Each structure stands twice: as C-alpha cells, then as structure tokens.
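See below for the structure under consideration.
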Amino acid sequence: IVSKGFKNAKEALTGRTELSEENIAQAVREIRVSLLEADVEVGVVKRFIDRVKERAIGEVVQTSLKKDGKKIKASPGEHFTRICYEELENLMGKEEPGPIRYRKPITVIMMVGLQGVGKTTTCGKLAHYLLQKKRKPMLVAADIYRPAAVKQLQILGEKLGVSVFAKDGLSPPDLCKLAIIEAKKKKCDVVILDTAGRLAIDDALMTELEDIKAGTKPDNLFLVCDAMAGQDTVNTAAIFNSRLSIDGFIMTKLDGDARGGAALSIREVTGKPIKFLGLGEDMGKLEAFRPQGLASRILG
Amino acid sequence: FSRATEIDAGVLDALEEILLTADVGVRLSMRWMDDLRGRLSRGELKNAEDVRAALRALVLATLEAPQSQAMDVEHLIKSTFTKPYVIMFVGVNGVGKTTTIGKMASKLTKAGLQVVVGAGDTFRAAAAEQLAIWAERSGSVMIRGEEGTDPASVIFNAISHARTIGADVVLADTAGRLHTKTELMDEIRKVKKAAGKARDNAPDEVWLVVDGTTGQNALLQAKEFHDVLALSGIVLTKLDGTAKGGVVIAIADALNIPVRYVGVGETVDDLKPFVPKAFVAALFE
Ligand SMILES: Nc1nc2c(ncn2[C@@H]2O[C@H](COP(=O)(O)OP(=O)(O)OP(=O)(O)O)[C@@H](O)[C@H]2O)c(=O)[nH]1
Ligand SMILES: Nc1nc2c(ncn2[C@@H]2O[C@H](COP(=O)(O)OP(=O)(O)OP(=O)(O)O)[C@@H](O)[C@H]2O)c(=O)[nH]1
Ligand SMILES: [Mg+2]
Ligand SMILES: [Mg+2]
C-alpha cells in the first residue's frame, strides 16, 4: 500500500543510521506532496507535518542520549513511516462504538450535505443496514425540490421492502414531524430523513435544516461527504457543524480511486467522528468506519 | 537585499496557498512557484506586484490555450451540415450531468433550435423521471428505454428519432460512473460507438461534467475518460458554492481540454459560457 510519496520519503532515509534534521526535512517534503495530492486541506497538512517532524526529531534526540550505543531497532525509514501512520490514525479517531445511537420508541437519523454527494442512496443503504440489525426503518422523502427525488427514494424503498413517507404540499420541517407520527403508528423504530442537497452558504436552506432538526430532535445527524471533495470541503463541513452540530459524517464513493483526504480534514476541523463509508451504488455497499484502511489510502 | 528576498518568500507562499486552496494541485503549483522564483532571482520580476501579475498571466494562458479549439456551441449547431448535432454528457456520479442537460436544452430551445434528449441512464433509480421533468421544462423531446435496457440502444434510438423529425441537437445523458470501473468504461465506449452507427461521425462533442467541489481526482477522471472517449470539453458545475474549481487548470495544462460552460445553480438558467478572464479574477479575489 506504500505509494510513491511514501516510497520517496523512505528513500530519503535509506542508508541513514539515524533520523537527522536534514533527512527528516526531505522525507517530510515527500509526505507533504502526497497528502496535498490526496486532497488533505492545506492547514491540516501543515499541522500534521509539524507534529510528525517534532516526534521524529524528538526521537533523534532520545537515541543520541543513549550513551550505551543502543540505537533504535527499526531503520530510520521504517521508524519515520510508523510515526506518520500513528499520527494519522490518531487524527482519524477510533472506530465508533455505535455507529448509530438508538432511542426508544423511535430513533431519528437526519441526512444532510451538499448537492449530489450520495444522501438519497445512502438513506437506502442505511435502511438495508438497519433491516439486517432486525430493526424496522421508515424512509422519509423530505427533498421536495429536486426533480423526481421523492420517486428516487420510493423506488429504493420498494426494492428494500421499506415504507417511504412522502406528502405533497408540506414544508420539509412539517413533513418530517408528520412522518415521525406516522412511523409510530406503523410501529417503525427508526426514521431516516432524506433532505435536499444545499450549499452551506444558503442561509434560507440552512435555516430549513435547523427547523427540521428542532422539530424532530434527531439522535443521529449525519453530514454526507463525497470522497473526491477538494480543499473547500473543510469550510462547508465547518459551517454545517456550527449551524447544526453534526453527530458524525459519512464518506461516499470510496469505491473509486479518490484518496479521500477530505475525511481527514473534516475530522480534524469538526472533531466529529466518521460513522460509515459508502463503497458503491448498491444497497449493501455501506460499512461502519474502521480507521486502518482509510489511513493507508490517504497517506498513499 | 536580504529584506527583499524575505518579502519574496512571503509573497510566493501566499500565492502558492491561493493555488493550493483552489484545488490547482501541488505539482502544478510547485512548478509555477519554481518558475516565478527563477524569474525573481534573475531580476526579470522586480517586486510583489510583478510576481502576482506573472502568476495570473500563467493561469490565464493555461486556460486560454485550449479555448482556441472551442467555439460557441449554438454557432456550431446552427452551421453544421450533419444534423442532428450530437453532444454526449459523461462523468462520475452526482456531478450534475442530468441537470446540465436540462439547462442546455432550455438554452438551445430559447435560441430557436429543436432539441432531443436521450435518457441514456438506464440504471439509477428515477433517472429517466428526473430527465423527463427537465425535458418538459425546456420544451424538448425525450427518448427513453425500459429500465435496465442497454444505454447504447437508447442513444441510438434518440439520434435516429432526431434524424426522422429533423431535430437540430441531441443531448445524450449517461449514468454516472467511476472511471476505475472497467465494465462501466466499456459500456460508455459502446454508447459512443452506437452514436456513430446512428449517424456518421456522431457524437460531435463529448463533454466531461466535473463537480466544482472536486479535488485532484478530477484530473484522474479527465485522463481516463479522455483516453476512452476523446473529450471535446468540460462543464464545471456547482461554482455557485465556495469551491474555486481550480482543478480545470490542471486539466487544461495536462490534457489541453477546454471548459465550455459553468454551472452556477440548480435552476434552468444557471448555465453560463466559460470566460477564462472572469474565472482567473474569481480565483485570485
Ligand atoms: N460509486 C458510488 N456511487 C455512489 C455512492 N453513493 C452514491 N452514489 C451515486 O452518486 C450519485 C448521487 O447519489 P444521490 O443519492 O442521488 O445523491 P444526493 O446527495 O441525494 O443528491 P442530491 O439529493 O441531488 O443532493 C448516484 O449516481 C448514486 O448512485 C457510492 O458509495 N459509490
Ligand atoms: N448548486 C448547484 N447544484 C447543482 C449544479 N448542477 C447540478 N446541481 C445539483 O447537483 C445534484 C446532482 O445533479 P444531477 O444532475 O442529478 O447529477 P448527475 O451527474 O446526473 O448524477 P448521476 O446521474 O446520479 O450520476 C442535484 O441536486 C442538482 O440540482 C450547479 O451548478 N450548482
Ligand atoms: Mg438526494
Ligand atoms: Mg444523472
């Protein structure tokens, strides 16, 4: 899994007997390029590199203090690589002991995010996941704007055998409140709210999300993000988080070759956990987040 | 004298940050910074203003180079001898292909042209229903197939129908697909071939739709789709958000493919021709 960036970093340290300021600087330059190519945000990269440098140089000082000639067991290249992986895994956070917070009598999951990231598809996948956990989910078609959005969710619901709540003429906040009443009548124990894609800078639509949240009190407010998102995603995630206080985020389209650096950036900047990973268009393609796989993909 | 070099470093760092945060990409940014650094040290650039102007010129030249091949699509359609003019829309999932076709259909209908849209996404839930709403909004004819039909035959039928009724343009929608999926790239190659069977030398254009919020993966998307289909243009969507869409600069530099249109919203009029000067101004503001 060691990509070119990492190979170059290790090469900068081959044949060295210990980590020094100069050869660390070269290795760090390679890692910086690799992380930026992976779409990790500029500020996040800078802070990451500073921490890695500090640890790597700190360990040079440590080993040189050993007067009995005992050196570090691993080669400097391997040692540096291990520092990078550890710092990255710390940044990613632990696996979520959830990933869904359940509540009686009904659990509410609210899905938000920019346009086209995969919210509607992921709603279907979550319903599938919940069915396998022996729950009775209901899908709620609260995107009343996008052409055929309601139909899209209805088709997914039909394929899964899950009921879909849809109603013309209601605002999304009212529709969602009514859906929960309906879900209780049908003895559903989880409600999944699909909302329309929107820009973080669209005040009216962000207010609509705040109204949906206020009326449904979701236990799980998930920001859905596209794995191929670039530098700006950190800014939009920060706004979604500050206005809605998200519980976590879901990364979609990881079945391609997008490195997914946005995941790292969003995690660092919001402090919120990654809950699920989307790995394809079919309903089974959803996995609860585990840090190891994503770390090596981002570092390359 | 060392004070001047201190100022230079600060200016260059700030400019590099603008490029990086705009998704221009680290390799191209570093190449340009090296170029500017060299010109500064040789005295060809004297101060911060010179450096800024030089970078803007580099970016503008990169974006304008492929533009000379591109012409106004309305003009191309109206002056073509081989009707209908066929434009195929491709790209990864969720970038805005279907919505862009809706906007384009409306623009061309308002310009007095007869438009047929082909519902080439036979896979995703409610894809045809979504396009049907846009066809209705734009006053264009939609040709679709049954769900799960082979998309190549839908596009073949759309072009054949357009020939029969003497329509001016066919806008072919296709399903979103990740460029890493071999069987899906084989499928899109077949769709292009089918267009050529329906009318000699169709399609006239293949446009890659790129989401303005995408990072470096867009360059990989462009390379792969270009290899398989020979792209004639890019549509950059969602520029009404805060992302700068700088990855199209890297695409222009690496592949010489021009951006034709920019999507700036979700309603029918939110499609504008790409203007390099305006794009560069927005990048540096
Ligand atoms: N390859 C892949 N495609 C995905 C994944 N998740 C969603 N998609 C596709 O991405 C496209 C957009 O998905 P939607 O679910 O419509 O996205 P959305 O966020 O609901 O879009 P809006 O409602 O318009 O904001 C569709 O083509 C989906 O099939 C994934 O994990 N992998
Ligand atoms: N803000 C904004 N949203 C856009 C723009 N273009 C498209 N969208 C939105 O992006 C979402 C996805 O658009 P689609 O047209 O379904 O994208 P697609 O590429 O056809 O998606 P798939 O067919 O599923 O791959 C929808 O919510 C659109 O309204 C744009 O220029 N600006
Ligand atoms: Mg949706
Ligand atoms: Mg589409």
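Keep in mind it's a predicted model, so treat the numbers as computed, not measured.
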Side chain from CB out, backbone as N, CA, C, O: work out which of these in A:D202 comes under 4.5 Å of a heavy atom of chain B, or both, or neither.
neither
Need one label for A:T252: side chain, backbone, both or neither, based on atoms under 4.5 Å from any heavy atom in chain B.
neither
Charged N to carboxylate O under 4.0 angstrom, A:E37 versus B:R27?
yes
Partners passing salt bridge (charged side-chain N to carboxylate O under 4.0 Å, His left out) against B:K190 (at least two apart in sequence or in another chain):
none
Apply the test side chain to side chain contact (heavy atoms under 4.5 Å, CB included) to residues B:T213 and A:T233: give CA-CA distance (whole Å), side-chain angles for both, the deciding distance (0.1 Å), then the verdict.
CA-CA 7 Å; B:T213 64; A:T233 198; over 6 Å; no
Side chain, backbone, both or neither: which part of A:D39 has an atom under 4.5 Å from a heavy atom of chain B?
side chain
Side chain, backbone, both or neither: which part of A:L36 has an atom under 4.5 Å from a heavy atom of chain B?
both
Go through the atoms of B:L20 and report whether side chain, backbone, both or neither lie under 4.5 Å from a heavy atom of chain A.
both
If you check every heavy atom in residues 142-152 of chain A against those of chain B, which residues fall under 4.5 Å?
A:R146, A:P147, A:A148, A:K151, A:Q152
Taking heavy atoms only and a threshold strictly under 4.5 Å, list by residue number the residues of residues 171-181 of chain B that touch chain A; give 'none' if the list is empty.
B:G176, B:L178, B:H179, B:T180, B:K181
Under a 3.5 Å cutoff, is there a donor and acceptor pairing between the side chains of B:T242 and A:D232?
yes
When rounded to the nearest 0.5 angstrom, what distance separates CG in A:D226 from CG in B:D211?
7.0 Å
Flag, side chain of B:N217 to backbone of A:R259, donor-acceptor distance under 3.5 Å:
no
Is it the backbone or the side chain of B:E224 that comes under 4.5 Å from a heavy atom of chain A, or both, or neither?
neither
How would you list, by chain and number, every residue that makes a ring pair (Phe, Tyr, Trp, His ring centres under 6.0 Å) with A:F249, sequence neighbours excluded?
none
